[in-house]
4 protein chains.
Amino acid sequence: MSRPGPVLGEEQHLRRDAAENRELLLDAAARLFASHGLDASVEEIARVAGVGIGTLYRRFPTKDALIAALVQDALDTIGKLAQEAAEQPGGKGLEHFLERSSEYQADHSGCLPRLWNTDPGRDRIRRTIVALLEDAKLHSRVRDELTSTDLTLIMWSIRGVIETTRCIAPDAWRRHLDVLLAGMRPADDPFTHRPITQAEVDKVIAHE
Amino acid sequence: MSRPGPVLGEEQHLRRDAAENRELLLDAAARLFASHGLDASVEEIARVAGVGIGTLYRRFPTKDALIAALVQDALDTIGKLAQEAAEQPGGKGLEHFLERSSEYQADHSGCLPRLWNTDPGRDRIRRTIVALLEDAKLHSRVRDELTSTDLTLIMWSIRGVIETTRCIAPDAWRRHLDVLLAGMRPADDPFTHRPITQAEVDKVIAHE
Amino acid sequence: MSRPGPVLGEEQHLRRDAAENRELLLDAAARLFASHGLDASVEEIARVAGVGIGTLYRRFPTKDALIAALVQDALDTIGKLAQEAAEQPGGKGLEHFLERSSEYQADHSGCLPRLWNTDPGRDRIRRTIVALLEDAKLHSRVRDELTSTDLTLIMWSIRGVIETTRCIAPDAWRRHLDVLLAGMRPADDPFTHRPITQAEVDKVIAHE
Amino acid sequence: MSRPGPVLGEEQHLRRDAAENRELLLDAAARLFASHGLDASVEEIARVAGVGIGTLYRRFPTKDALIAALVQDALDTIGKLAQEAAEQPGGKGLEHFLERSSEYQADHSGCLPRLWNTDPGRDRIRRTIVALLEDAKLHSRVRDELTSTDLTLIMWSIRGVIETTRCIAPDAWRRHLDVLLAGMRPADDPFTHRPITQAEVDKVIAHE
DNA sequence: GATGAATGAGATTTCATTCAT
DNA sequence: AATGAATGAAATCTCATTCAT
């Protein structure tokens, strides 16, 4: 006799608009990728987001597209962090940026494996970072021989540390950054190997 | 480069053909894991090894067992490298070890994600590394404040670089190691964060 | 013959196509289990049902779940048969129930091996059967020494006959029930062994 | 330097002869079929028997052949039991046989599912049983209308009870046999269904 | 537009049987 | 003759993606 009302779990069936769903999906994906790696299933993501799987596929035509969107979000943030860091005086912007961007990655470690593997806007970030590097050299906070590709390796290495330690020792990367910064400082004995080329970095990033 | 011989508890007589197939399988697995990540399918591994899938499962009752075998091989080798490094004079053993072990990992990058995540023999390796560290401090080649857990982070950091660059710039890690070694050297300004504890490292490793 | 409607806890709204497929799958499973035993493959079941294997697994997350659903259907029906039998006058309800429930089992012999091996609702059925037994004793249609556990053995015994003969002589169990009913009737010489306990029956059923 | 002596577990590598192996295998098979059903793997059987799987396949060209051998053993024994029972006076041979053969089956329940499904020697057993039945009728221990096919059904039904209860209540079949024997006794109200034909029984048995 | 049911290729694993040692 | 390594078909189950409702 009772009207077939909303079933358990359906009581929040608000007519959400597209933008909201997008955010819900990205949040859910970030959370699940962080806890289960990129193997987290799209179905689980949709469920956690509270939307149907069809809705997910309307927003993101592919699992990879969803990941790419997360990566893009992260890159956008990192770009902003780089620009903020440029305001630091005394050549300290670079250090500031490394700390802040690492902090951000530690908090959003879900799709780190692919974080550097995508394109648009990356070039602008790179130019900002190069500027930070030049400024740091100008103030003798880092070696002259340090290149922007060295910074890329440094960020990849921090990513590796974060990925490994995030669950247990989420601040481990700070100690490691201490070591890296010490290694970047001006010193008498120069590095013994050539830096990798920007072309190589680009190829790595393009290599999916 | 060659697989280490039978180790503790492994001395069961394998028939010649069985032993051969075991090698073929481990080689194929290493190759495929390196090129396709741990998602490489066991069927593909068996095909590349030129044996039936059943043969693979007779030797390694589980995909994880196969991975574990590769990891064990790698750890055995790294243990040997650590002991060899101990023979280096002038406190240079530690640097020597970091270079050699990184070299090995770059050549066997297939199961790096799990390389540190397994048990037996690890303790012996750690003690050897601690000895290398003490020797390096004795000869003032590294800071006194450097801990063995810092070395662990350093190795994870190198692993991250190798994983990212292996296909395109297989020697990138050497340049990165330059930076790390520079950061390890004695210097005036001390690190600003506490090292992580050995207990934290152990938990990370135990954490799958 | 028709599947019983939604039961306790099963009232989730299934979309029409989903509900249809559920029926198709249960029918196919019943048919194949009947003809090939429980070893019939889920792939074959899906094919006979005319749906993809994924659909089967969406509805029944496990082969066992599929079997359990069939068993549940059967138990529900048998429960109803017991209640219907209670309306028979003259203490004949028990005989009526044995005939009807055996008939049903002969028509749904697919998952007989596990038919009694599951829980919910079983207790209610048992109480109904006990009532049937008491009524039969009251009207002197069966011996006073007959217990409800004897009835359980009797049903297992019929099940054994049905399983063996279903393909060739699908009515053989009727003749066997004649013998059993004759054995249940009041008589001078009592049984010579103790009945098994209800606890033993419960353990047998729990024992997978 | 040590001679490669016998390895662990090989110290009982006695040169066993064929007959002995056959027994070992049949014993192991009976034990494993009893505990794990006919799904017990041939590899496990060989291991429990303490022989190689190749040896098993030399003795029994097929898993089915192994099962058939067990069945044959059982039938031989049951044939002997029937003949022994024929010596019982007063028409009690039939009851004696049912008890003894059930006892034997309860103790050798491994391949019961197929126990009646095989051929050679069966005919001789049947003739012996028919004789027991006639003798029982002669002494008015069973109804005249009881046929040998009824006895077949009775034995199948006992098999069903044994299969179900063997682990928990290994004597349950005795109580059930009480009921069956009571049902076989002469009585006023005749059975209401026709017995199945010998041809039907034969077809059931042939039907794998 | 949103939903979630349906799909089916593909993954891991088992096991009866064959065959080199 | 005995062994057990090798085989590969087949089983169960997962999941990214499509499509009817």
Side-chain angles (χ1 to χ4, degrees), chain A residues 10 13 15-18 21 39-47 50-66, chain B residues 13-22 39-47 50-66, chain C residues 13-22 39-47 49-66, chain D residues 10 13-18 21 39-47 50-66:
Chain A
E10 204 188 338
H13 176 77
R15 182 78 175 197
R16 280 186 291 258
D17 57 302
N21 278 347
D39 289 345
S41 80
V42 288
E43 188 135 14
E44 177 82 350
I45 292 169
R47 183 166 60 253
V51 306
I53 186 160
T55 305
L56 186 154
Y57 269 87
R58 168 163 293 272
R59 292 292 156 249
F60 306 99
T62 255
K63 188 182 189 180
D64 276 356
L66 173 58
Chain B
H13 266 308
L14 282 185
R15 227 164 65 179
R16 189 168 50 72
D17 52 350
E20 264 173 31
N21 281 341
R22 186 176 195 277
D39 290 346
S41 83
V42 289
E43 186 142 13
E44 178 80 353
I45 291 170
R47 185 166 57 253
V51 306
I53 182 90
T55 303
L56 188 157
Y57 272 90
R58 161 168 288 267
R59 206 55 60 211
F60 306 100
T62 263
K63 188 183 190 180
D64 276 356
L66 174 58
Chain C
H13 265 309
L14 281 185
R15 228 164 64 178
R16 188 168 50 73
D17 53 349
E20 265 173 29
N21 280 341
R22 186 176 195 277
D39 290 346
S41 84
V42 290
E43 187 142 13
E44 177 80 354
I45 291 170
R47 185 165 57 253
V51 305
I53 181 93
T55 303
L56 187 156
Y57 272 92
R58 161 168 289 266
R59 207 54 59 211
F60 307 100
T62 263
K63 189 183 190 180
D64 276 356
L66 174 58
Chain D
E10 206 188 338
H13 177 77
L14 317 168
R15 182 82 175 194
R16 280 185 291 259
D17 58 303
N21 278 346
D39 291 344
S41 80
V42 288
E43 188 134 15
E44 177 82 352
I45 292 170
R47 182 166 61 253
V51 305
I53 186 158
T55 304
L56 185 155
Y57 269 86
R58 167 165 294 272
R59 291 292 156 250
F60 305 99
T62 256
K63 187 181 189 181
D64 276 357
L66 173 57

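Letters A, B, ... mirror the listed sequences (proteins, then strands); counts begin at 1.
- The shortest side-chain heavy-atom distance between C:R59 and C:N21 does not fall under the 4.5 Å cut-off.
- Rounded to whole Å, the distance from CZ on C:F60 to C1' on E:dA5 is 14 Å.
- Comparing F:dA1, E:dA5, F:dT7 against the side chain of C:R59 picks out E:dA5 as the nearest.
- The phosphate of E:dA2 (OP1 or OP2) has a side-chain N or O of A:N21 nearer than 4.0 angstrom.
- Considering all non-hydrogen atoms of both residues, C:V42 and C:K63 come closest at CG1-CG, 3.7 Å.
- Annotation: the span from C:R22 atom CZ to C:L56 atom CG amounts to 11.0 Å, rounded to 0.5 Å.
- The structure places CD of B:E20 at 7.0 Å from CG of B:D17, a figure rounded to the nearest 0.5 Å.
- Partner assigned to E:dG4 is F:dC19, using Watson-Crick or G-U wobble distances below 3.5 angstrom.
- Nearest heavy-atom pair, C:A40 versus C:I45, reported as atom, atom and distance to 0.1 Å: O-CD1, 4.5 Å.
- Note: CD (A:E44) to C1' (F:dT14) measures 13 Å, nearest angstrom.
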Scan nucleotides 10-14 of chain E against the protein and return all N/O pairs shorter than 3.5 Å with their distances rounded to 0.1 Å.
residue	atom	partner	partner atom	Å
E:dT12	OP1	B:K63	NZ	2.8
E:dT12	OP2	B:V42	N	2.9
E:dT13	OP2	B:Y57	OH	2.8
E:dT13	OP2	B:K63	N	3.0

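- Although no hydrogens or angles enter the test, the distance criterion places no donor-acceptor pair under 3.5 Å between the side chain of D:T62 and the main chain of D:A65.
- Side-chain N/O atoms of B:T55 include none lying less than 4.0 angstrom from OP1 or OP2 on F:dA5.
- Atom CZ in A:R58 sits about 16 Å away from atom P in F:dT17, given to the nearest Å.
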